[in-house]
Amino acid sequence: MSCNPYQVLYFNPSIHSIKFAKMAEKYHNDKDLNMLKKVSEITGYRLIESDKLNWRQREKYSNNKFQIGYYVYYLIPPNERLKLKEIK
């Protein structure tokens with residue numbers, strides 16, 4: 001997980017605003033992804049990235065879609081058998 005940008009800003013108040021914004025965005029995206037992973041563990045659903053699913057599967061599970069930053073993740077029920085795309 002990335003470091004807390006607010007602590008960095010506290011100890012280095014002259015940090016460039018764009019650099020701080022990028023750090024904060026990465027920090028919050030990592031936090032959201034960790035929370036989504038915990039949700040998938042608790043509910044028993046599988047967390048799958050959108051690039052591993054084809055368009056029909058994405059359409060079928062559009063209600064379980066979560067966007068974090070530029071990336072989209074799907075929570076798939078545990079009893080579903082999916083054929084995932086191989087990513088190289």
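Between Q57 and K52, the shortest heavy-atom contact is OE1-O, 4.5 Å. Between G44 and P78, the closest heavy-atom pair is O-CB, 3.3 Å. The minimum heavy-atom distance between P5 and A24, with the atom names listed, is CG-CA, 3.5 Å. Taking each heavy atom of N29 and I68 in turn, the nearest pair found is O-CG2, 3.5 Å.
Clustering ILVMFWY residues whenever any of their side-chain heavy atoms sit less than 4.5 angstrom apart, transitively, puts V72 in the very cluster that holds Y61. Hydrophobic cluster membership is shared by Y71 and Y45, with clusters built from Ile, Leu, Val, Met, Phe, Trp and Tyr side chains linked at under 4.5 angstrom. In the hydrophobic clustering of ILVMFWY residues, with side-chain heavy atoms under 4.5 Å counting as a link, F66 and V39 come out together.
One distance of note links CD of E25 with CG of D30; it measures 10.5 Å at 0.5 Å rounding. The distance from atom CD1 of I48 to atom CD1 of I76, rounded to the nearest 0.5 Å, is 5.0 Å. Here the OH atom belonging to Y73 is positioned 8.5 Å from the CG atom belonging to L36, to the nearest 0.5 angstrom. A distance of 8.0 Å separates NZ in K19 from CG in N12, rounded to the nearest 0.5 Å. Remark: K26 NZ to C3 SG distance equals 8.5 Å, nearest 0.5 Å. Considering OG of S50 and CZ of R58, their distance stands at 5.0 Å, rounded to 0.5 Å.
Checked against a 6.0 Å centroid threshold, the rings of Y6 and F11 do not count as neighbours.
Taking the side chain as every heavy atom from C-beta outward, L47 and K37 approach each other to under 4.5 Å. When side chains are defined from C-beta on, Y27 counts as touching N4, because their heavy atoms get closer than 4.5 Å. Side-chain contact between L9 and M23: absent, with no pair of heavy atoms (C-beta onward) separated by less than 4.5 Å.
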